[in-house]
Amino acid sequence: MAFGKGCHLHLIDGSAYIFRAFHALPPLTRKSDGLPIGAVSGFCNMLQRYIDGNNGSDAPTHVAVIFDKGSHTFRNDLYDLYKANREAMPEDLRPQIPLTREATRAFNIACEEIEGFEADDIMATLARQAREAGGRVTILSSDKDLMQLVGDGVDMLDPMKNKRIDREGVIEKFGVPPERVVDVQALAGDSVDNVPGAPGIGIKTAALLINEFGSLEDLLDRAEEVPQPKRRQTLIEMREQIELSKKLVQLDDRMALPFSLDDLEVRPPEPEKLMAFLTQMEFRTLTRRIAESLGIEAPAIPDTTPEGANPDTDAPPPPPVAPEAYECVRDMVALERWIAQARDRGWVAFDTETTGLNEMTCDLVGVSLCVEAGTACYVPLAHRAPGADDLFGSSELLEGQIPMDRALAALKPLLEDPAVLKIGQNMKYDAKVMARYGIRIAPIDDTMLMSYAMNAGLHGHGMDALSERYLSHTTIPIKDMIGSGKAQITFDRVGIEEATKYAAEDADVTLRLWQSFKPQLHRVQVTRVYEGLERPLVPVLTEMEMAGIKVDRNVLSRMSGAFAQKMAQLEEEIHQLAGEAFNVGSPKQLGEILFDKMGIEGGKKGKTGAYATGADILEDLATEHELPRRVLDWRQISKLKSTYTDALQDHINPDTGRVHTSYLIAGANTGRLASNDPNLQNIPVRSEEGRRIREAFVADEGKVLVSLDYSQIELRILAHMADIPALKEAFREGQDIHAMTASEMFNVPLDQMTPDIRRQAKAINFGVIYGISGFGLARNLRIPRAEAQGFIDRYFERFPGIRQYMDDTVAFAKEHKRVETMFGRRIHTPEIGAKGPRAGFAQRAAINAPIQGTAADIIRRAMIRMPAAIAGLPARMLLQVHDELLFEVDKAAAEDLIGIARDVMEGAAEPVVKLDVPLIVDAGQGANWAEAH
DNA sequence: AAATTCACG
DNA sequence: GACGTACGTGAATTTC
């Protein structure tokens with residue numbers, strides 16, 4: 001039936017339905033795989049209720065559900081801050097968006113959306129068309145932005161309150177009739193959509209003014225006549241902003257639509273299609289109820305699926321990975337098609353190929369995208385002919401590649417689109433590479449971090465291993481592309497066809513892993529860990545790593561020279577003492593000199609049969625002999641020179657003059673970060689000589705380095721977790737914890753404490769954190785083993801809760817094959833049931849992990865909150881060293897920074913965890929890291 | 001590539 | 001009665 005006189009059009013505001021459904025309902029997940037499904041369920045319920053309510057005389061002849069699509073509309077072109085303060089879509093809602101489209105179609109209701117337009121504009125256009133054709137319109141929404149459409153033959157219906165809004169209702173709400181609503185909105189502005197309006201004027205004042213002057217235009221033209229001086233001034237000065245606001249709130253009812261009113265005719269339900277969708281969603285009650293109302297038998301829904309099953313129980317299994325099938329994207333038309341597909345889905349797996357492993361120095365060679373298992377492409381951007389170098393080591397780009405700038409310009413809106421989730425494996429790498437090309441990828445998911453949150457301690461989290469383990473698929477080795485060793489080439493020299501298979505496979509595998517992991521996160525109950533402690537760290541670390549820290553090459557190079565001299569001198573003395581020249585750096589040769597030639601008592605070690613010559617052994621020998629002392633000195637300097645003063649210089653980035661480390665988020669089993677390339681978490685500090693290396697880490701001109709570190713954080717956590725009243729009390733009183741321990745253990749009053757007794761207690765305190773043993777403590781303190789064991793026994797007697805904690809933790813580990821931090825991070829302990837020496841090892845690791853891991857979680861929380869907290873200061877967070885954060889800040893703002901950052905760190909456990917002991921942060925500042933620490 | 005050593009928390 | 005032995009990392013060097 002053609003739309004015309006007597007017809008009645010219903011327009012359903014789909015996006016409003018979804019958000020209502022999402023926020024009104026408790027989170028609900030699909031039983032078989034944990035897919036969040038609450039909003040879809042609520043959405044279906046609302047649609048069903050809508051259909052049930054349509055039996056009256058007022059039933060529609062035409063109906064459509066209208067959705068928003070894309071985040072960029074013509075309003076963003078008018079005003080780039082339009083809807084800028086809108087919060088990101090909740091993670092659990094995102095995957096449900098496409099499902100609501102499916103649901104609408106399953107109900108056999110027309111479902112319309114147009115890229116780059118808001119649903120409101122489509123509804124405005126349809127409403128106008130319907131009126132002009134002589135029909136009536138009802139808009140099912142409560143959105144006040146739509147009230148401007150109400151009028152002769154058009155009204156609104158709030159589906160939740162079942163309240164009809166007509167002309168009178170609009171006047172009640174806005175104080176003006178519908179045709180003046182935009183004028184009021186233009187003046188009042190809208191904080192939700194970030195429409196500026198006129199400052200100081202709200203809806204009430206706006207309505208007053210519009211009623212008095214007749215229209216916005218008249219008001220602005222005759223603003224001089226407004227009696228209130230402040231108001232008058234605002235209207236005159238802000239005229240442009242007000243006019244812009246009107247353009248933002250004015251709906252476009254003249255859109256060109258690719259469909260007509262006739263296409264929206266009400267269609268009878270198709271029970272099979274609807275039932276298929278509802279059962280796939282596993283809506284038991286809803287399926288039964290709708291089946292009843294349709295007068296058919298409700299299909300059975302399988303109860304549940306086995307662990308590790310494919311998430312889409314009703315969907316066919318994904319196709320096997322087939323690298324030959326991947327598309328190579330060589331022109332803009334094809335690229336735009338892929339981008340559109342990604343937008344349609346709301347997610348895309350993304351991967352970059354580069355010329356190296358260092359994100360700060362490598363060049364982008366190509367990117368790959370995957371929108372569905374098996375449907376992936378590679379976009380080559382900078383491949384070159386193999387070997388055909390010119391004098392400067394470069395060659396012409398190969399034909400058939402989209403120019404880099406054009407491709408990136410097309411990809412940027414997608415990669416930055418808040419409505420499209422970008423899925424990666426180790427996304428920090430890709431985020432850093434793309435950031436150097438001016439693209440800030442967001443929002444993201446990361447399969448490496450998902451694996452880490454679920455399976456830390458069980459296996460590694462690299463893509464090849466994950467693919468093997470969870471997809472039973474062996475990925476193409478990178479060696480097949482670039483070779484290895486001396487003949488290794490960079491990825492830009494790999495043939496484009498070969499590269500397509502390799503690169504697109506990575507994106508394909510990443511997407512498949514994501515589809516498998518995403519529902520598992522819920523099932524395993526680590527969603528909070530992943531979303532709260534892993535994923536948010538990616539942008540924070542990206543910023544820190546790209547900021548880098550300034551290192552003074554001259555300081556290092558001067559020290560290097562001095563070290564070389566000292567080493568040469570020591571080497572000569574060592575050779576003389578040995579009576580022959582040998583390589584002091586060779587433990588094997590040193591062992592032979594010491595134990596064979598010089599005949600010192602000592603033993604072989606390990607299956608290699610080599611003598612052990614570690615520092616502790618040489619330390620013992622040093623009391624009797626001179627040579628070992630010199631070797632120890634030589635080794636210390638050699639270490640400082642090779643690892644620090646020399647190697648560090650090679651890490652100074654020529655472009656920035658700074659050193660950019662890279663943090664591994666999923667490196668350490670306990671939740672700690674690890675730093676590499678270079679490791680800036682092990683810069684010397686314990687020895688006076690080594691400490692001076694920190695003088696080379698400097699603040700930029702006009703700035704200082706600020707260091708804040710948690711005091712005794714692991715002992716505090718132990719005191720809380722093991723619930724030791726004496727320790728908790730001591731921390732609350734701000735006492736010297738090691739002196740207190742010594743006093744308790746050895747019955748020495750605090751005022752008679754000696755440094756030596758305190759030192760022993762300190763060693764015991766640390767030993768407890770590591771899972772103490774008599775042997776280990778004896779070796780550490782260099783005392784007889786029996787005496788060490790005596791200390792431990794006494795410690796457990798004085799603090800019986802410690803033993804209890806250790807026993808409980810090991811028992812928990814044995815039962816669950818894992819332990820947990822206070823924030824729910826899981827650390828697996830597969831070796832806990834082992835026999836022999838490995839048993840003790842696994843038990844100590846299990847005892848230590850919750851303590852070390854909880855401390856790691858706390859500083860992660862501080863780091864995640866830090867950027868927002870210090871946003872107003874001229875400061876940057878540069879480094880994390882487990883319990884320390886290092887900042888660079890303008891001199892004048894150093895104290896402000898210390899105050900704010902300290903508050904963030906000391907309060908980082910809250911509100912999730914309330915510790916019985918305070919967290920205390922010490923701070924320092926200076927021109928270099930040695931001074932700041 | 002493995003083993004050894006040593007820097008850090 | 002013997003086994004080994006403090007927790008977590010990364011990097012440079014030598015040796016196989």
Side-chain angles (χ1 to χ4, degrees), chain A residues 456-457 484-485 582-591 605-618 631-632 634-648 650-651 661-664 667-687 689-691 693-694 709-710 712-715 718 763-781 785 788-789 792 806 819 827 834-853 855-856 859 879-884 933:
Chain A
S484 65
F582 69 100
N583 184 354
V584 183
S586 162
K588 184 167 177 271
Q589 293 179 36
L590 174 66
K605 249 214 175 156
K607 41 197 168 233
T608 56
Y611 291 114
T613 66
D616 46 351
I617 293 187
L618 296 189
V631 173
L632 283 168
W634 182 93
R635 277 194 183 160
Q636 191 201 359
I637 295 167
S638 164
K639 177 80 176 180
L640 295 176
K641 182 173 185 298
S642 66
T643 310
Y644 300 104
T645 58
D646 288 350
L648 216 43
D650 301 334
H651 283 285
T661 183
S662 179
Y663 288 99
L664 279 79
N669 286 337
T670 52
R672 271 198 182 177
L673 300 180
S675 154
N676 64 13
D677 206 21
N679 183 355
L680 294 186
Q681 289 181 323
N682 71 343
I683 302 303
V685 71
R686 289 173 186 168
S687 76
E689 291 253 70
R691 203 181 150 76
I693 288 173
R694 295 190 173 217
D709 67 290
Y710 285 107
Q712 310 282 11
I713 186 166
E714 292 190 357
L715 263 183
L718 175 70
I764 298 167
N765 276 331
F766 277 105
V768 168
I769 293 172
Y770 299 146
I772 200 161
S773 80
F775 184 92
L777 184 65
R779 201 177 56 172
N780 190 289
L781 286 177
R785 191 176 157 174
Q789 191 57 54
I792 293 170
M806 291 179 151
V819 291
I827 298 127
K835 294 272 177 279
R838 291 192 312 190
F841 205 75
Q843 287 181 14
R844 288 192 298 274
I847 289 165
N848 174 259
I851 303 168
Q852 188 181 116
I859 196 164
L879 300 179
Q880 187 251 43
V881 193
H882 309 307
D883 65 357
E884 171 188 8
H933 189 81

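Chain letters run A, B, ... following the sequence lines, proteins first, then strands; residues in each count from 1.
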*Does a nitrogen or oxygen in the side chain of A:Thr613 sit under 4.0 Å from OP1 or OP2 of B:dT5?*
yes
*Base-pairing assignment for C:dC3 (Watson-Crick or G-U wobble, both under 3.5 Å)*: none
*asked:* Going by purine N1 to pyrimidine N3 plus the second Watson-Crick contact, or the G-U wobble pair, all under 3.5 Å, which nucleotide sits opposite B:dA2?
replied: C:dT14
Once you apply a heavy-atom cut-off of 4.0 Å, does [X] come out as touching a base, just sugar-phosphate, or nothing?
X: A:Ala647; result: sugar-phosphate
X: A:Lys639; result: base
X: A:Ala846; result: nothing
X: A:Ser675; result: sugar-phosphate
X: A:Gly840; result: nothing
X: A:Val685; result: sugar-phosphate
X: A:Ile772; result: base
X: A:Phe766; result: nothing
X: A:Asp677; result: sugar-phosphate
X: A:Ser642; result: sugar-phosphate
X: A:Arg785; result: base
X: A:Gln636; result: sugar-phosphate

*Name the residue closer to the 5' end of DNA chain C, choosing between A:Ala845 and A:Phe775 according to the nucleotide with the nearest heavy atom.*
A:Phe775
*asked:* Donor-acceptor pair, distance only, cut-off 3.5 Å: does the side chain of A:Gln589 make one with the backbone of A:Val584?
replied: no
*Heavy-atom count around A:Phe582 CZ within 6.0 Å, excluding the residue itself: above 12?*
yes
Rounded distance (Å) that lies between atom [atom2] of [N] and atom [atom1] of [X]:
X: A:Arg635; N: B:dA7; atom1: CZ; atom2: P; value: 10 Å
X: A:Glu884; N: B:dG9; atom1: CD; atom2: P; value: 8 Å
X: A:Leu673; N: C:dG10; atom1: CG; atom2: P; value: 11 Å
X: A:Leu879; N: B:dG9; atom1: CG; atom2: C1'; value: 14 Å
X: A:Arg672; N: C:dG10; atom1: CZ; atom2: P; value: 11 Å
X: A:Asn583; N: C:dA12; atom1: CG; atom2: P; value: 17 Å
X: A:Phe582; N: C:dT15; atom1: CZ; atom2: C1'; value: 16 Å
X: A:Gln589; N: B:dT4; atom1: CD; atom2: P; value: 16 Å

*side-chain contact (heavy atoms from CB on, under 4.5 Å) with A:Glu714: which of A:Asn765, A:Ile851, A:Val768?*
A:Ile851
Nearest heavy-atom pair of [X] and [Y]: which atoms, and what distance?
X: A:Arg635; Y: A:Thr613; answer: NH1-O, 2.6 Å
X: A:Tyr663; Y: A:Leu879; answer: OH-CA, 3.3 Å
X: A:Gly776; Y: A:Ser773; answer: N-OG, 3.0 Å

Distance check, [atom1] atoms only: [N] and [M], in whole angstrom units.
N: B:dT4; M: C:dG4; atom1: P; result: 14 Å
N: B:dC8; M: C:dC3; atom1: P; result: 33 Å
N: B:dC6; M: C:dA2; atom1: P; result: 31 Å

Closest to the [X] side chain, choosing from [options]:
X: A:Ala668; options: C:dT9, B:dC8, C:dT5; value: C:dT9
X: A:Leu664; options: C:dT5, C:dG10, B:dG9; value: C:dG10
X: A:Lys588; options: C:dT15, C:dA6, C:dG10; value: C:dT15
X: A:Ser586; options: C:dT14, C:dT9, C:dG10; value: C:dT14
X: A:Asn848; options: B:dA7, C:dG8, C:dA6; value: C:dG8
X: A:Pro587; options: C:dA6, B:dG9, B:dT4; value: B:dT4
X: A:Asn676; options: C:dG8, B:dG9, C:dG10; value: C:dG10
X: A:Phe841; options: C:dG8, C:dT15, B:dA7; value: C:dG8

*State the CG-CG distance between A:Asn682 and A:Asn676, to the nearest 0.5 angstrom.*
11.0 Å
*Looking at B:dG9, does its base get a donor-acceptor pair with the side chain of A:Arg686 below 3.5 Å?*
yes
*Mark yes or no for a side-chain to base donor-acceptor pair under 3.5 Å between A:Arg838 and C:dG4, with no hydrogen or angle criteria applied.*
no
*Is the shortest heavy-atom distance from the side chain of A:Thr645 to the side chain of A:Ile637 under 4.5 Å?*
no
